[in-house]
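The structure appears below as structure tokens.
Numbers for residues simply follow the sequence, beginning at 1. The model shown is predicted, which means the values in this text are computed figures rather than measured ones.
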Amino acid sequence: MRDVKYIVELLTDYGVIGTEQLAEAQRRSDESDGSMDLIDALILMGCTTEADIQNMLAQQFGLEVMDLSAYQVPPEVVESLPRDVVLAYGVVPVMKNDNTLTIAISDPTNLDTIDSIRYLLGCDVEAVVAKEEQINDIINKHYNTINDSVSEVLDDYQDTNSEFQVGGIGSIEETSSDDSPIIKLVSLIIMEAYKMRASDIHFEPMETRYRIRCRVDGVLREMESPPKYIQGNLTSRIKIMSKMDISEKRIPQDGRIQIRVMDKDVDLRVSSIPTTNGESIVMRILDKSSIQLEIDQLGFYPDDSKIIDNILGLPDGIFLVTGPTGSGKTTSLYAFLNTINTPQRKIITVEDPIEYQLSGINQVQVDRHVNLTFAAALRSMLRQAPNIIMVGEIRDLETAEIAINAALTGHMVFSTLHTNDAPGAVTRLVDMGVKCFMVASSLRAVMAQRLVRRLCKFCKEPYTPNERERRLLGMSEEHTNTHTYYKGQGCPACTRGYKGRVGIYEILSITSEITEMIFQNQPANALREAGRRNGMHGLRDDALRKAEDGVTTLEEVIRVTMTEEE
């Protein structure tokens, strides 16, 4: 870790920064909750640059600065420094002459590093200064932990039977015959994904390779992938961990893994489905410590927040949350339930699966093996005299009818539905077979939602939208000139200018006009027009509001709210 105090003193002595700049940098650093130190803040403020700091430190300690961006470290030099030393000290070897090894370091203030490596290797060690990101690139290329584990797997299995060598799906015998490298590899993949703040991990068998991808802030990113022929053993290991039937490869399976990562309890929802090239597996990462259970953390504007408060105060009826998988529907429902969870109310939920345990709420897990379906659980729940019911998802007519009957008999029912927008939920229920008059009598509101990436507040800066963005969003040049939009530049506190996600919402309140339209089985576009007349704004409208307020970017608005370029 760099000596921040020493660097700040040097910058002050050199006249690079003053008292006011230092105070502002300290404020920004404190607001970042530890993700950005004082030096990072000064760089973001434009007071200095990484290169200037490195040149200053190199000059101070009499060292040379080396550009590693296009430098190829010879293989024999890579082998001269053990991986555990590289990872422990954050340095890489770059040259070796006779008994002298030259290493690249990003922080020359840490003099103990050079002395420690010299002692460990028993040879002369010299240092050059390089950018930390360039050093990390070389570490990832030559000393990557996943690659290292894959190498162990290859070494251990290179003499195994021909079935494994050609990539056949591994059997129980093969997996149990010394699979510690495979165990280590799966653990490292999960660890790396968690560090990246990934929401899910995809293990995808391709025709000639085995691809592993992580979804970070809603966008898939490819990880370093292992060779194709260990696909079977990886699949078997994951299925064993999630308590799936390892011998069954013809049908989809679901499982769950409970692990502890970096002193936090993490649940993994695992789904397996057979494909032409093997079993495709997706792990969904559920971090209990990261769930937001307060409505004001979800990203509602005051007008929407007021509508939600009115809905939560209703004594009966159905409130539906719609959107695709991974759009934050369950998180929103949990936040709503947490808000109205008081000792005076009895709340029961039926979920598949239970993603997070909520204190003070009775949660029922669907189990089809014993015929405990949504519908069966819902029937029994009504005999428990609840005030509020949450149904994880309305998937069929039977569940929908029971939920509606519960709403008509004095219960407040929350549930989710898979539709593209809020008005489409009415059409979906009718298509399921629910009578129009039952939908009209029970439905109180529908909220559609998506998630957009949130701009990093430390490195965002104004920019002018280009012609393509204006065309896709139907904006005039005059409009963009009178509004300010932002983009992230990327900094130590974020990932490529983004950090986290925030919801965009479309809330359709069921007014008397819309109730009459549902009775008449009006189409979704007519319901949308009626909703807009009553103040409803669409998903894109809410996203554009957030873009204008610097919460997200127009790029995200286009990605999430548009399906094709027109």
Exercise. Please test Glu133 against Lys131 for salt bridge (Lys or Arg N to Asp or Glu O under 4.0 Å), starting from the C-alpha separation and ending with a verdict.
Key: CA-CA 6 Å; Glu133 60 186 36; Lys131 291 183 178 179; 5.1 Å; no
Exercise. Check the pair Glu24, Arg27 against salt bridge (Lys or Arg N to Asp or Glu O under 4.0 Å), reporting the backbone distance first and the verdict last.
Key: CA-CA 5 Å; Glu24 173 63 17; Arg27 184 188 66 79; 2.5 Å; yes
Exercise. Before giving the answer on side chain to side chain contact (heavy atoms under 4.5 Å, CB included), spell out for Ser415 and Ile318 the whole-Å C-alpha distance, their side-chain angles and the decisive distance to 0.1 Å.
Key: CA-CA 8 Å; Ser415 190; Ile318 292 183; 5.5 Å; no
Quiz item: Going through the distances and angles, do Met56 and Val16 end up as a side chain to side chain contact (heavy atoms under 4.5 Å, CB included)?
Solution: CA-CA 11 Å; Met56 179 182 68; Val16 176; 5.5 Å; no
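Side chains of Ile361 and Tyr334 form no contact here, defined as non-hydrogen atoms less than 4.5 Å apart.
Rounding to the nearest 0.5 angstrom, the gap separating the CD1 atom in Ile340 from the CE atom in Met412 is 7.5 Å. To the nearest 0.5 Å, atoms CG (Leu455) and NZ (Lys457) are separated by 12.5 Å. Summarising the geometry, atom CG belonging to Leu220 is positioned 8.0 Å from atom OG belonging to Ser199; distances are rounded to the nearest 0.5 Å.
The nearest pair of heavy atoms linking Ala425 to Leu320 is CB-CD1, 4.3 Å. Here the closest non-hydrogen pair linking Ile389 and Ala406 is CD1-CB, 4.3 Å. Smallest separation of non-hydrogen atoms from Leu42 and Leu11: CD1-CD1, 4.0 Å. Between Ile404 and Ser442, the shortest heavy-atom distance links the atoms CG2-OG, 3.5 Å. Contact record, Thr427 with Ala524: OG1-CB, 3.6 Å, taken as the closest heavy-atom pair. Nearest heavy atoms, Glu506 versus Met536: CG-SD, 4.0 Å.
Ring geometry, Tyr505 versus Phe300: the interplanar angle falls under 30°, so the pair is classed parallel (tilted spans 30 to 60°).
The pair Arg545-Asp541 does not count as a salt bridge, with every side-chain nitrogen at least 4.0 angstrom from each carboxylate oxygen. Residues Arg559 and Glu556 are paired through a salt bridge, judged by an N-O separation under 4.0 Å between the basic side chain and the carboxylate. The existence of a salt bridge linking Asp200 and Arg269 is excluded, since no basic side-chain nitrogen approaches an acidic carboxylate oxygen closer than 4.0 Å.
Applying side-chain contact (heavy atoms from CB on, under 4.5 Å) to Arg444 and the options Leu314, Val413, Asn310 leaves one that passes, Leu314.
There is a side-chain donor-acceptor pair under 3.5 Å between Thr553 and Tyr498.
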